[in-house]
Amino acid sequence: MQTILTDTTFANTIANTDPLLALSRAWQLGDAHFSTLHARAGQLCHWPYHQARLMDACTRLQMPMPDWNALYAAAQATLNGSDQVLRITLVRGPGARGYGIAGCGETTVVLNSSPFPAHYYQWREQGIAIGVCAGRLGQSPLLAGLKTVNRLEQVMLKAELEANDWPEAVVLDAEGRVMEAVTANLFWREGEQIYTPDLSTGGVCGTLRAWCFDHLGERVTATDARLPRLLAADEVWLTNALMGVVPVTAIGERRFSSDFIMVKELQQAYEETE
Ligand SMILES: C=C(O[C@@H]1C=C(C(=O)O)C=C[C@H]1N)C(=O)O
Ligand SMILES: Cc1ncc(COP(=O)(O)O)c(C=O)c1O
C-alpha cells in the first residue's frame with residue numbers, strides 16, 4: 001500500500017521504524033525527488049506543472065508513480081486557507097540493498113507544509129539586486145533538469161549568498177556558462193527576443209520556467225550564454241514557484257534601468273493563474 005507521510009503523521013510515527021524504512025533510500029542514496037508549491041486560498045497553485053515535473057522525474061528515475069488522486073487529496077487536506085508552502089517529496093520505496101532498484105516497493109509520498117515567506121511579494125514589486133556566485137555547478141547530464149533531493153550544490157551556494165548578504169545570485173557551470181540562480185531559473189530579454197539557459201547538462205527545470213515557455217511561445221529560446229551576454233541584456237528576471245516572476249534591478253555593478261516590460265506582462269499573466 002502506498003505510504004503518505006504528512007507533517008503530523010511523520011511526527012507521530014518517527015519513533016517507529018516504518019517511516020525511517022520508508023525514507024531510507026532518500027537518506028542513504030538521495031533516491032528521491034521533490035517539488036515545492038505555493039498554496040493560496042486553499043488551492044495548490046500551478047498543480048498541473050508540478051504534477052508534470054514529478055511524473056517526468058518518476059519516469060527518468062524509473063520510480064513507480066504514486067497514486068496521483070490520493071496524493072492530490074492528501075495535499076489539499078494539508079491546506080488551511082492561508083498563504084502556504086507545500087513540499088511534496090517522492091521517495092523510492094524500500095526493498096533492495098545497495099543501488100539496485102529491483103524489488104523496491106511503492107513510492108512513498110512525504111508532505112511538509114510551512115507558512116509562505118511574505119518577502120517574495122516585496123521582491124515581485126521592487127525587484128532585487130543580485131550577485132554572481134564564485135561557486136560553480138558541475139555538469140551532470142543524467143540528472144539535468146531534475147529536482148532530486150541531492151541539493152548540496154545549492155546548500156553551498158546558498159551559504160555563499162548568506163556570506164555576501166545577496167538575496168540571490170547568478171550561477172555558472174564549471175565551463176562558465178550561465179545556468180540559473182541559486183533557488184530560481186533565470187531569463188533575459190535582448191530587444192524583442194527572450195532567452196533562458198539551456199539546461200541539458202545541469203540545473204533544475206522549474207515549474208515556473210515551464211509556465212513561461214507556455215506563455216511566451218516562440219518569443220523564448222533556450223540557449224548557451226556567458227556572463228557578458230547576460231550583463232548586456234535589456235531586462236533580466238528570476239522565476240520560481242514561490243517567488244513568482246522577480247525583476248533583477250542589478251547584477252553586481254551592472255544596473256538595469258529597464259521599464260521591465262516583459263516582467264510586467266509575465267507578472268500580470270501569472271497573477272491571473274496563481
Ligand atoms: C529546498 C526547498 O525548496 C527550494 C529552496 C528554496 C530556498 O532555499 O529558499 C526556495 C524554493 C525551492 N527552490 C524546499 O525544501 O522547499
Ligand atoms: C536550483 C533551482 N532551480 C530552479 C528552481 C525553480 O523551480 P520551480 O519553478 O519549480 O520553483 C528551484 C526551486 O524551486 C531551484 O531550487
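Read the numbers this way: they start at 1 and go in the same order the structure lists the ligands and their atoms. Remember, predicted model here, so these are calculated numbers, not experimental data. Atom set for the values below is all heavy atoms of this structure, side chains included, hydrogens, waters and symmetry mates excluded.
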By side-chain contact (heavy atoms from CB on, under 4.5 Å) - contacts of Gln84 (at least two apart): Ala39, Leu79, Asn80, Ser82, Ser113
Set of residues that line ligand 2, where lining means a heavy atom lies under 4.0 Å from it: Arg53, Lys147, Gln154, Glu180, Val182, Thr183, Ala184, Asn185, Val204, Gly206, Thr207, Leu208, Asn240, Ala241
For His38, all residues meeting ring pair (Phe, Tyr, Trp, His ring centres under 6.0 Å), sequence neighbours excluded: Phe116
Any donor-acceptor N or O pair under 3.5 Å, side chains Thr89, Arg87: yes
Tyr72 and Asp67 side chains, donor-acceptor separation under 3.5 Å: no
Note: Arg219-Glu265 ion pair, threshold 4.0 Å (strictly below): yes
Glu235 (side chain) donor-acceptor with Arg189 (main chain) under 3.5 angstrom: no
Arg92 side-chain N/O to Leu61 backbone N/O, donor-acceptor pair under 3.5 Å: yes
Tabulation required: pairs of a nitrogen or oxygen in ligand 1 and a protein nitrogen or oxygen under 3.5 Å; columns are atom names and distance to 0.1 Å; otherwise 'none'.
{"residue": "ligand 1", "atom": "3 (O)", "partner": "Thr36", "partner atom": "OG1", "Å": "3.4"}
{"residue": "ligand 1", "atom": "8 (O)", "partner": "Lys158", "partner atom": "NZ", "Å": "2.8"}
{"residue": "ligand 1", "atom": "9 (O)", "partner": "Lys158", "partner atom": "NZ", "Å": "2.8"}
{"residue": "ligand 1", "atom": "15 (O)", "partner": "Arg87", "partner atom": "NH1", "Å": "2.9"}
{"residue": "ligand 1", "atom": "16 (O)", "partner": "Thr36", "partner atom": "OG1", "Å": "2.9"}

Which atom of Arg60 lies closest to which atom of Pro141, heavy atoms considered: NH2-O, 4.0 Å
Output field: ring centroids Tyr270/His46 closer than 6.0 Å: yes
